[in-house]
Structures are given as C-alpha cells and as structure tokens.
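Okay, so here's the structure we're looking at.
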Amino acid sequence: MPSEFADSLTIWYRENRRDLAFRRTRDPYAILVAEVLLQRTRVVTGLPYYERFIVRFPSVAALASAPEEEVLKAWEGLGFYGRARHLHAAAKAVVRDHDGRIPRTFSELRELPGIGDYTAGAVASIAFGEAVPAVDGNAARVLSRVFRLGGDPSRGVARRRLMEIASSLVPATEPGTYNQALMELGSTVCRPRVPRCPACPVRGMCGALAEGRVEAYPEARRRARTPVVRVAFALAERGGKVLLVRRPAGGLLAGLWALPGGEVGPRESEGTAVVRAMRDIGLQARHGEPVGAVRHTFSHRRWEGRVWRVRVPADARPPEGAVWAGPEDLQRLPIVPFHRRFLEQSRL
DNA sequence: GTCCCGTGTA
DNA sequence: TACACGGGAC
C-alpha cells in the first residue's frame, strides 16, 4: 500500500528529523550545493564544508565567476575533488544556458555535470516538488529491507528493480519531504549494522524484519582488495619556501597543489623517482635523505612511501605549474591534505 | 583492519 | 558493465 508507506515515513520525519543547516533553506542553489557536497560523504563530515561554501559562494553567479582554485580550496579535505570541478562547471552551465536559474526538472538537472540520478532526483523533489525518487545509499537500504530485494542494489537488474519500486512509492504531495524522510530513516534508524527496528515507523511493513534477517539486506557488494603502490615525494626548500606543483586536471587529487613526485616505477628506487619527478618539471636535483613517511589509503589503492629532501641549484626558477610557496601561499592554495599535514608537522 | 557512499568515463 | 575517484567511522 504505497500511500501508507509514504504517509508513515512523512509523519515520522516531521517528529524525528535532524535539524541540519541545508534543510533550513529553500534556495535551489543551496540545496544543489548540499546534495553534491554530500555525495559519498557523511552528513557530519560535509556539514562544515557546506556552511563555509555557501558563505564563500552565496549564489550560482558567485560560484560561476569564481576561479577554480578557490572552489577547490573550499573543497580541500573533502575528497572526490572531481565533484568540486563538476559543481563549478554546473554553475557556469546554469548561468550560460539557464539564465542563471537552477533548472526545475529532473531531466534538465540530469544534464548538468556532476548531477546523476540521485542528485537530480533530490534537487527536483526537494527544491521544486517534482514527484521523482531520490535513492541514495540510505534509501536503497530501507527499500531493500522492506521489500526483501535480493542482489546488489547498486547495479544491474537489482538496481532497476529497486528504482521501479522507489518510483512507484513517491507521493504526489510533498515528494521532497518523503524523499528526505526515507533517507533520514536509513541514516538514523535503518542503519547498516544494529538497526533500531523498534523505533521504525514502517516496521509493520518490513519483509526483512518479518523474516528476522534485517541485516542480510542489502546484499553486500564484493569489493576488490586495494593494491599497495609505492610513492615518493620531494621536499625542496629555499629561503623558507617549499616547492609545490599543481597536479594534473584528471585523475587522483586533480588540480590540488602537491609536493613533486608520485608513484614509483616497478624497478625504480624512491630516490630515482624523486629525481625523475623533479626533472619532469625542468629542475635538475639530487636527493638527500628521507624526512617523512607517506601512508594514505584511497578508495581504490593505498600509497606508501616517503618524502625525500632534495637539493636544487640556487638559481632554479619555478617552472610552469610550480611555485615556491611561502606561508601565505600555503594558506591560500588547495593542497593535498596529507602533504599539508606533513608540512605543518615539519613546521614549514 | 572493515564498511560506508554517487557520478563519469570508456 | 567495470573501474576511477577520498575520507572517516567503527
């Protein structure tokens, strides 16, 4: 009984919703920012970023006209930096193609860079009242359990079945409230582990609970083990400044400033890799001793290696895409978070 | 250590 | 459809 499901959730939500900053706005731009910022990100992690971002870029026009470096700076530490680039591009597209107003329909939103099925559904329903689903991981878990959906709900036939059910449940009135209720329930009650079923407003309709196997849904996706990759980075200092390079536009940590270096070749030593990295930016260097360790786990690989002190000729000019960074530069530039931590711990 | 999480690209 | 893309909670 679809309307009973939606009604129960919506009533529960009015009493139990968390008071979160991005729920206190009706501004479609702010809602869009929040939804992109929270992609693959926990609410508590993203919240301070959202508050700062909205102050720094209060409108779609402000964001569209900002330098990319400042947008990345606002994103530093949040991860998946492609989201920042896409959001920036989306703002420009809104100014260019939509007269500066966030498009009001799922289909138009879906065309913007960085806006997929989830985000388009969230913005269309929450900001504009379109009756479309917004199925994030939390909503997917709730529906998987209530309807005992087998398979990995993030892909294939299981995904299509989930989306069909999700679409059929969205109420015509206040679809945004319903969508947020569904996600909030997944986040606070229908949790991945140790769900709080006695507190659930739809426990009477839950197939997984009736079966006594709530935690068996959704089916776990099998994950590949993350390979360990050796890395080496260069610490070149001169007159209280440190050499930073801008990482390339695509790929890992794209667009952030970093110590020169990166992955070490299969038959390469760390020292050789560091000298090679310096040569790649046009500087002849000799490596000294290691001055710090790098251990960082990404979603799909782990970096392990060291930071090496390097010596460059005294007259070395900063090449294209590189900068001798002093204290103000370190404050202003978006920098790879674990490089920033290293530099701060080294009191640079 | 394990688990969680949206979109783009090819 | 497979994989790239970060960080944090537990």
Side-chain angles (χ1 to χ4, degrees), chain A residues 32-50 72 74-90 93 106 109-124 133-142 144 151-160 162-163 166 179 182-184 186-188 190-195 215-229 231 247-256 258 262-263 294-304 334-341:
Chain A
L32 174 61
V33 167
E35 293 300 340
V36 173
L37 202 143
L38 292 172
Q39 291 168 3
R40 306 276 289 183
T41 301
R42 284 177 174 73
V43 166
V44 287
T45 304
L47 215 43
Y49 284 86
Y50 167 77
L72 273 176
W75 217 265
E76 184 192 301
L78 203 47
F80 294 110
Y81 298 95
R83 290 181 296 167
R85 202 172 55 246
H86 287 141
L87 181 59
H88 193 207
F106 174 90
L109 287 161
R110 189 65 180 74
E111 297 298 312
L112 296 173
I115 309 296
D117 287 341
Y118 164 73
T119 308
V123 175
V135 183
D136 73 344
N138 294 310
R141 184 170 52 253
V142 174
S144 295
D152 177 350
S154 71
R155 40 190 286 185
V157 60
R159 168 83 188 169
R160 285 192 289 280
L162 170 68
M163 291 309 295
N179 280 334
L182 184 58
M183 295 188 277
E184 184 81 341
S187 177
T188 62
C190 197
R191 304 179 296 193
R193 279 171 298 185
V194 199
E215 291 193 54
Y217 300 89
E219 191 175 298
R221 67 166 91 187
R222 60 185 194 291
R223 60 194 84 243
R225 72 277 167 266
T226 60
V228 177
V229 178
V231 291
R247 293 182 57 83
L252 215 45
L253 306 166
L256 299 184
E263 302 193 351
V294 170
R295 295 173 62 86
H296 189 79
T297 305
F298 297 97
S299 47
H300 57 305
R301 67 181 59 204
R302 183 212 304 251
W303 275 2
E304 287 188 7
I335 293 173
V336 169
F338 52 90
H339 283 171
R340 178 181 295 285
R341 280 195 292 279

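Residue numbers begin at 1 in each chain, while the letters A, B, ... track the order of the sequences. Not measured: the values here are computed from a predicted model.
Here the C1' atom of nucleotide C/dA4 and the CZ atom of A/R301 are 9 Å apart, to the nearest Å. Protein atom NE2 of A/H88 is 20 Å distant from nucleotide atom P of B/dT7, rounded to whole Å. Rounded to whole angstrom, the span from the CZ atom of A/R110 across to the P atom of B/dG6 amounts to 14 Å. Per the geometry, CD belonging to A/E76 stands 13 Å off P belonging to C/dG6, to the nearest Å. Atom CD1 in A/I115 sits about 13 Å away from atom P in B/dG6, given to the nearest Å. Here the P atom of nucleotide B/dC5 and the CZ atom of A/F80 are 12 Å apart, to the nearest Å. Between the CG atom of A/L78 and the C1' atom of B/dG6 there is a distance of 13 Å, given to the nearest Å. Per the geometry, CG belonging to A/D152 stands 11 Å off P belonging to C/dT1, to the nearest Å.
The 5' end of DNA chain B is approached more closely, in terms of each residue's nearest nucleotide, by A/T41 than by the other of A/T41 and A/P113. In terms of position along DNA chain C, the nucleotide closest to A/A254 lies nearer the 5' end than the nucleotide closest to the other residue of the pair A/A254 and A/V44. Between A/A120 and A/P192, the residue anchored closer to the 5' end of DNA chain B is A/P192, taking for each the nucleotide with the nearest heavy atom.
Nearest nucleotide to the side chain of A/D117, out of B/dG6, B/dT7, C/dG6: B/dT7.
Using a 4.0 Å cut-off, no side-chain N or O of A/H86 falls inside it from OP1 or OP2 of B/dG8. Distances shorter than 4.0 Å separate none of the side-chain N or O atoms of A/R85 from OP1 or OP2 on B/dT7. The side chain of A/T119 contributes an N or O atom lying less than 4.0 Å from OP1 or OP2 of B/dT7. At the phosphate of B/dC4, neither OP1 nor OP2 sits under 4.0 Å from any side-chain N or O atom of A/R191. Put simply, A/H300 has a side-chain N or O that comes within less than 4.0 Å of OP1 or OP2 on C/dC5. Phosphate contact (OP1/OP2 of C/dG7, side-chain N/O of A/Y81, threshold under 4.0 Å): present. Using a 4.0 Å cut-off, no side-chain N or O of A/R193 falls inside it from OP1 or OP2 of B/dC3.
Side-chain atoms of A/R42 and base atoms of B/dC4 include a donor and an acceptor less than 3.5 Å apart.
No side-chain donor-acceptor contact under 3.5 Å links A/R191 to the backbone of A/G186. The backbone N or O of A/G151 sits nowhere less than 3.5 Å from a side-chain atom of A/R155 that would complete a donor-acceptor pair. At distances below 3.5 Å, at least one donor-acceptor pair connects side-chain atoms of A/R141 with backbone N or O atoms of A/C190. Remark: side-chain polar atoms of A/R40 are not paired, donor with acceptor, to backbone N or O of A/F80 under 3.5 angstrom.
For A/Y49 and A/W75, the gap between ring centers reaches or exceeds 6.0 Å.
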Pair A/H339-A/L256, side-chain contact (heavy atoms from CB on, under 4.5 Å): steps then yes or no: CA-CA 10 Å; A/H339 283 171; A/L256 299 184; over 6 Å; no
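Here A/F298 lies in heavy-atom contact (under 4.0 Å) with a base.
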